[in-house]
Amino acid sequence: MPERLGPSLSKPLFERIALIGLGLIGSSIARAARHLNLAGTIVAVDRSEEVVARVRELRIADEATTDLVAGVKDADLVILCVPVGVCGAVAEAMRPGLKPGCIVSDVGSVKASVIAQVQPHLPQDVHFVPAHPVAGTEHSGPDAGFATLFHNRWCILTPPDGADEQAIERVRVFWSAIGSNVEIMSAQHHDLVLAITSHVPHLIAYNIVGTAADLETVTQSEVIKFSAGGFRDFTRIAASDPTMWRDIFLHNKEAVLEMLGRLNEDIALLARAIRWGEGDKLFDLFTRTRAIRRGIISSGQETPEPDFGRRREDKA
Ligand code: NAP
């Protein structure tokens with residue numbers, strides 16, 4: 001059992017949980033839930049036979065199936081861990097199997113769109129408590145998951161108006177037991193905050209790595225050889241799952257476009273400062289941004305080690 005995970009519970013929080021989509025996030029929840037005894041029975045549901053077979057091999061769930069309706073049957077908690085763009089279709093397909101009174105949640109990186117997609121398909125007596133664990137890596141699939149992924153990371157709940165208080169509390173307790181710090185906010189506010197803290201940075205990374213790949217005056221081998229100068233860290237982010245990120249941008253369109261507009265204005269100001277030799281403007285900005293990085297480290301969300309904690313032998 002990983003060192004940083006808390007003690008396992010003497011009694012499970014839920015009798016039966018069903019996880020839909022056993023990729024990085026779904027399989028990490030399964031592993032954490034199993035280590036911590038958060039569920040009497042963990043059911044893994046994935047559309048892919050290969051993923052289901054791998055989940056059985058890894059023994060990270062008690063049952064594994066490709067049958068969505070059978071998989072959610074009798075579950076007290078169902079968590080959608082699929083790409084944002086298919087949440088509505090999955091909710092519609094699983095509806096006949098949902099137990100009255102059960103809680104449906106998700107882990108999508110965008111919240112308003114997921115609520116709009118999922119809620120219309122849920123029966124009145126099913127409680128919907130959307131969630132977004134703000135934790136991840138650039139890897140995908142059931143082998144990529146690990147039980148401590150959410151430890152000391154934030155999990156944001158965005159319950160729609162009128163959501164059942166008891167259901168919200170049960171989901172809050174679930175994520176706290178996994179080791180996350182839980183915060184509750186509106187879906188709209190979540191989408192705006194994540195647009196600037198996660199979505200736009202990913203877009204910048206995809207863009208800069210794409211631009212470098214298209215350059216005629218710098219060769220591919222030079223890009224790889226001299227990547228330590230900041231570029232390498234963009235390539236890690238730009239290696240993130242294409243399906244997941246395509247869906248995030250299409251489903252958080254307004255907030256991302258608003259933040260991109262601001263970013264474009266600020267980049268124009270930076271270009272002007274460089275052109276006119278306004279070093280004080282550059283210095284002031286870089287001083288403020290350094291303080292933000294120090295704030296992230298002191299809040300425990302990043303390692304203080306130089307070069308992102310890379311081992312010496314990894315360094316270029
Ligand atoms: P992932 O590793 O690619 O896993 C997604 C899983 O869902 C795959 O097994 C996939 O199967 C399955 N799936 C896709 N469409 C499906 C469908 N229609 N029905 C049933 N299963 C389906 O992705 P992930 O990183 O775990 O991301 C899952 C969710 O978590 C996304 O909504 C994402 O926004 C959110 N999230 C991700 C991160 C992160 O850093 N990765 C962080 C926080 C939240 P196939 O392989 O057959 O497509």
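Counting convention: from 1, in listed order, for ligands and their atoms alike. Hydrogens, waters and symmetry mates are skipped; everything else that's a heavy atom, side chains included, is used. Positions are given from 1, in the same order as the sequence printed here. Treat the numbers as computed from the prediction; the structure is a model and nothing was measured.
Looking only at heavy atoms of the protein, atom 44 (C) of ligand 1 is closest to Val107 O, 3.2 Å. Distance from atom 48 (O) of ligand 1 to its nearest protein heavy atom, with residue and atom name: Arg47 NH2, 2.7 Å. Among protein heavy atoms, the minimum distance from atom 28 (C) of ligand 1 is reached at Cys81 O, 3.3 Å. Nearest protein heavy-atom contact of atom 27 (O) of ligand 1 is Ile25 CG1, 4.0 Å. Regarding atom 43 (C) of ligand 1, its nearest protein heavy-atom neighbour is Pro133 O, 3.2 Å. Among all protein heavy atoms, the one lying closest to atom 39 (C) of ligand 1 is Met244 CE, 3.5 Å.
Residue His139 places no N or O, backbone or side chain, under 3.5 Å from any N or O of ligand 1. The shortest N or O to N or O distance between Ser109 and ligand 1 is under 3.5 Å. Of the N or O atoms in Gly21, none lie within a sub-3.5 Å distance of an N or O in ligand 1. Remark: ligand 1 and Val86 share no N or O pair separated by less than 3.5 Å (distance only, no angle test). Checking only distances, Val90 never comes within under 3.5 Å of ligand 1, N or O to N or O. Residue Leu24 places at least one N or O, backbone or side chain, under 3.5 Å from an N or O of ligand 1. The distance criterion of under 3.5 Å between nitrogen or oxygen atoms is met by Asp46 with respect to ligand 1.
By the neighbour-count criterion of 12 heavy atoms within 6.0 Å, atom CD of Glu169 is densely surrounded, having more than that number from other residues, nucleotides or ligands.
Contacts between Ala135 and ligand 1 below 4.0 angstrom, taking non-hydrogen atoms only, involve the backbone exclusively. In Glu138, neither the side chain nor the backbone holds a heavy atom less than 4.0 Å from any atom of ligand 1. Counting heavy atoms under 4.0 Å from ligand 1, residue Pro83 touches it through both backbone and side chain.
Put simply, the side chain of Asn37 gets close to the backbone of Leu9: a donor and an acceptor are under 3.5 Å apart. Without hydrogens or angle criteria, Tyr206 side chain to Ser240 main chain gives a donor-acceptor distance under 3.5 Å. A distance-only check finds a donor-acceptor pair linking the side chain of Asp106 to the backbone of Ala131 [under 3.5 Å]. Formation of a donor-acceptor pair under 3.5 Å by the Arg170 side chain with backbone atoms of Leu13 is found in this model. Listed for the Gln117 side chain is a donor-acceptor partner under 3.5 Å among the backbone atoms of Val84. With hydrogens and angles ignored, the 3.5 Å screen pairs a side-chain donor or acceptor of Ser28 with a backbone N or O of Phe146.
Close approach to Val84 involves these atoms of ligand 1, each under 4.0 Å from a residue heavy atom: 32 (O), 34 (O). Contact atoms of ligand 1 toward His132: 43 (C), 44 (C) (distance under 4.0 Å to a heavy atom of the residue). Heavy-atom proximity to Ser140, at under 4.0 Å, picks out these atoms of ligand 1: 2 (O), 3 (O). Annotation for ligand 1: atoms under 4.0 Å from non-hydrogen atoms of Gly136 are 39 (C), 40 (O). Residue-ligand proximity, Gly108 to ligand 1, at heavy-atom distances under 4.0 Å covers atoms 32 (O). Heavy-atom contacts of Ser48 reach the following atoms of ligand 1: 47 (O) (cutoff under 4.0 Å).
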>> For a side chain to side chain donor-acceptor pair (under 3.5 Å) check, start with the C-alpha distance between Arg31 and Ser27, then their side-chain angles and the critical distance, and finish with the verdict.
In response: CA-CA 6 Å; Arg31 287 173 169 96; Ser27 75; 2.9 Å; yes
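Two residues are said to be in side-chain contact when any heavy atoms from C-beta on lie closer than 4.5 Å; Pro201 and Ile237 fail this criterion. Here the side chains of Cys87 and Val82 are in contact, with some heavy-atom distance below 4.5 Å. For the pair Arg54 and Asp143, the minimum side-chain heavy-atom distance is below 4.5 Å.
Remark: of the listed residues Trp245, Phe249, Phe234, Trp245 is the sole one forming a ring pair (Phe, Tyr, Trp, His ring centres under 6.0 Å) with His202.
A salt bridge is defined here as a Lys NZ or Arg NE, NH1 or NH2 lying under 4.0 Å from an Asp or Glu carboxylate O, and Arg95 with Glu92 fails to meet this definition.
A distance of 10.0 Å separates CG in Asp46 from CG in Leu68, rounded to the nearest 0.5 Å.
In the candidate list Val45, Val110, Leu194, Val82, Val82 is nearest to atom 32 (O) of ligand 1, counting heavy atoms.
For the pair Cys87 and ligand 1, no heavy-atom separation below 4.0 Å is found. For the ligand labelled ligand 1, residue Thr137 lies inside the 4.0 Å heavy-atom shell.
Contact annotation for atom 46 (O) of ligand 1: protein absent (non-hydrogen atoms, distance under 4.0 Å).
Ala273 and Leu282 get closest at one heavy-atom pair: CB-CD2, 4.0 Å.
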